[in-house]
Amino acid sequence: MKEPGATEAAAREVLLAVENVSLSFGGVKALTGVSFDIRKGEIRAIIGPNGAGKTSMLNVINGFYHPQQGRISFKGVTRNRMRPFEAAQGGIARTFQNVALFRGMSALDNIMAGRTLKMNRNFFWQLIRFGPAAAEEVAHRRRVEEIIDFLQIAHIRKVQVGRLPYGLQKRVELGRALAMDPDLLLLDEPMAGMNLEEKEDMSRYILDVNEHFGTTIALIEHDMGVVMDLSDRVVVLDHGTKIADGVPDAVKSDQAVISAYLGVAH
Amino acid sequence: MFYREAGQYKTSYEADQATFPVLQDRIGMIVILAVAFVVVPLTMSSFVINSVLIPFLIFSLAAIGLNLLLGYAGQLSLGTGAFMGVGAYACYKLTTIFPDANIILLIIVSGFASAAIGTVFGLPSLRIKGFYLMVGTLAAQFFLSWCFIRIPWLYNNNVSGAIEVPTRAVFGIPVSGPNATPVTRYLIVLTIVVVMTWIASNLVRGRIGRMWMAVRDMDIAAELIGIRLPRTKLLAFAVSSFYCGVAGAMMVFLWLGAAEPDAFNINRSFLILFMIIIGGLGSLIGSFIGAAFIWGLPIMLKSVPETFGISIGSATLEHLQFMVVGALIIFFLIVEPHGLARLWQIAKQKLRVWPFPY
Amino acid sequence: MNILYRVFIDPFMQMGQAPDLLVQTLWEGLVAGVLYALIALGFVLIFKASGVFNFAQGIMVVFAALTLVGLHALLRKWGVSSGMVAAYLALAITIVVMFALAWCIERAILRPLVNQPDIILFMATFGLTYFLVGLGELVFGGEPKSMITEDLGLPRGAIEIKMLGGFVSLQKIDIAAAVIASVMVTSLALFFQKTRIGRALRAVADSHKAALSVGISLEQVWVVVWFAAGIVALTTGIMWGARSSVSFALEIVAFKALPVLVLGGLTSIPGAIVGGLIIGIGEKLGEFYWGPLLGSGIEAWFAYLIALIFLLVRPQGLFGERIIERI
């Protein structure tokens, strides 16, 4: 079903290009000479066994780690040391492997916090919360409510997120990332620890986001079924190096990938 | 039964985001304000106003200041006393330099001096976190305390080393110094506290409050949604110190009338910290409850033996007081680690469903 | 220019011109540092094992010293004729009291508050501080007392050493303090490395849950640790009390230990020792050579300045575990 999209994707313009990136912590090499690109509008999966460097890759993309070598260009602009908030300003949003919500805040506030960059009424108006500041608050609330409706979390709007079950927390986290109206959405294991039903829901949200909002998505996931169904193209990492890159079917039958996952007989 | 929001439908986001979304809360607030502004000045003795209510309000404001920093932005500070001192000394210098200026204006302006100093001592927070950050604010506390003693310019080279408040009038009514009546001072303090509390509640419910809480709950995630940590933290230090500075200036000018450097020592910082921990971190109402509790407790304890007709030496009484306060702090932490404000919330929830258990 | 000269050149000239004074200052810094390190050590023990930032450590020092002196006075009054016997009897009872205190703290504070956020436990130790201040003054009175140095058999007087063209005088009690501190640190280290309870303690320090799951009793470990911290407090109290007098004014030493602790890195015993020495020596040097420039009393904040400078370079303290942020 996604195959036509895949051929299309190859023709689209490149949104993010990772060129020859190497990252190490002390003596430990996390990434070695990794290159790939993410094209506008596609769902790009990054897979690989545990410890392959997938999360490190995302951390490099949104400026949390700075690679020792290599370049990252986003929307055609190359930056040497991009800081996380600059990545956010550029339109990169992110969810985390272990839910990184603001636990003391309500679901609504968490998602509203995602709008921070879009809100620009100054400190003075914030003080009196009257006129422009109040109008701005309401305008953004409207957008946030759309996201809440989309993710079907209206009933937990005002619940402190620390008390929500895991699946809902993941959804709120996705909501917070969506509230940034991102051009590129990085999802780090959005379905880890979910049951089948929750996985189906989450898959649907991801596809909808991609289709309705046209958001480009980079996805790390361990569930191969999900990866093969959702993604347009897949890049496979193992021990910090890229071992395969292509459409899901090609990757699935790639010998290097099979050995990386199953191990090789010596 | 009486406290119930059933039937109060909100038809706009404005209504949902109002300061008091529930009708009963609005009515309650109006009643409290009416009592505070009208009934209290008419009925209370000047002793009660001067030694109970004015300090309660001033400490509440300082507690709000610390709560903005610790409860909302998550930055542990033990320098509250010193920042209050900066406000007091700044106000003192300002009245010396501008003897004819409106004293209320000067009190507010001295908050800015405190904000500036607070921002400087907030700089270590950009690199240091958690308990380690205590060193930064304790450095502020001890360094500033030292300045209050060692820099004679700050107290106009007074021999006593203390600052004494001159009489200053606004529209012909004396508001500071020995001639000001407790009721005048009370009303001014009350007005400032009410306005600044309202501003604080605006701040914490809006974009800035969310930024602070985001930094408190998970600073990395906050950065990744585009919040600039340095600015946000420093803003919290600045606003918090502003509140503490105004509270400090009011403490000297509208309550004590004179102050020695000791008034702003480390114990003052701890007192304010107790207030917000007991009252509730990250709760403005909690700041008031905590201030009432910590300020009122010793006063109540003092009157307990008298009521039972037991005479205890004043020294013994003081020791017992220390023990009781200490034990109560531990007791309340065990009963409700989220502070008395949480108990208040639970009570409201119970009221909402009364007479049913849930 | 003049001010730069006075800050950067003059103090070092003075050091060069009077090396004996420099040695004397260094020695005093060293001694103060040992005492700071001892208090910080008590902090570290507790922080490691129970994750509690124990603000009350400073008060425990005073409380222990006060109990010792107070009991000694009581015993003498009740007819123990020999000062020495009374002193050691009082010491034994004080140790029992410190054990009882540790047990009560575990029961009344730690157990009900287990799993609460750090700041709550930190606040609870404030409550403890208040309680102990009240209790101590209620039982033994608030007036300053002198430490029973002689009855405990601690040396008095000073040794004068001729060196570097002058005299350096070393108080014997200071030498004793340094020796006792070293013995105590060594025995604590051995205790934690070699004994079963020591291993349990290190396990608890790493992870409460994991320790529980292999059958380690948290309660037991906590009592032992708080007791150990109490013994450290008692030792510190004796040494410190011998240099000045015993009263709750000593509480101020807790604020001295804080920068030491943070500088060393909260969880590290070597850190507490090195931090103590750095702060002690830095403070005395600062006070002696740079103090006149700023006016007296700078020791109130100088330690914090030193700690702050170190922290800006190493935010986790000198020996603290590097904070790795994972997402």
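The model shown is predicted, which means the values in this text are computed figures rather than measured ones.
The interface of residues 266-277 of chain B with chain C, defined by heavy-atom distances below 4.5 Å, comprises I266(B), F270(B), L273(B), F274(B), I277(B).
Contacts between L113(C) and chain B at a heavy-atom distance below 4.5 Å involve the side chain alone, from C-beta outward. Neither the backbone nor the side chain of I149(B) comes within less than 4.5 Å of any heavy atom in chain C. Looking at F302(C), neither its backbone nor its side chain comes within 4.5 Å of chain B, counting heavy atoms on both sides. With a threshold of 4.5 angstrom between heavy atoms, Q116(C) approaches chain B through side-chain atoms but not through N, CA, C or O. In this structure, no portion of V114(C) lies under 4.5 Å from any heavy atom of chain B. Contact annotation for F310(C): neither backbone nor side-chain heavy atoms come within less than 4.5 Å of a heavy atom of chain B. Contacts of L126(B) with chain C are absent, with no heavy-atom separation under 4.5 Å from either backbone or side chain.
Not a single donor-acceptor pair under 3.5 Å links the side chain of W301(C) to the backbone N or O of A140(B). The closest donor-acceptor contact from the side chain of R127(B) to the backbone of R314(C) lies at 3.5 Å or more, if one exists at all. At distances below 3.5 Å, not a single donor-acceptor pair connects side-chain atoms of Y130(C) with backbone N or O atoms of M323(B). Remark: side-chain polar atoms of N156(B) are not paired, donor with acceptor, to backbone N or O of N158(B) under 3.5 angstrom.
The minimum heavy-atom distance linking V225(C) with I46(C) is given by the pair CG1-CA, 3.8 Å. Nearest heavy-atom pair, L69(B) versus S77(B), reported as atom, atom and distance to 0.1 Å: CD2-CB, 3.5 Å. Looking at every heavy atom in both residues, V260(C) comes nearest to A40(C) through CG1-CB, 3.6 Å.
At a cut-off of 3.5 Å, with distance as the only test, no side-chain donor of Q141(B) or T137(B) sits close to an acceptor on the other residue.
For chain B, the option among A124(C), G134(C), A108(C) with the highest count of heavy-atom pairs below 4.5 Å is G134(C).
At most 12 non-hydrogen atoms from other residues, nucleotides or ligands lie less than 6.0 angstrom from CZ of R231(B).
Of the residues listed (S114(B), C244(B), C147(B)), the one engaging V86(B) in a side chain to side chain contact (heavy atoms under 4.5 Å, CB included) is S114(B), and it is the only one.
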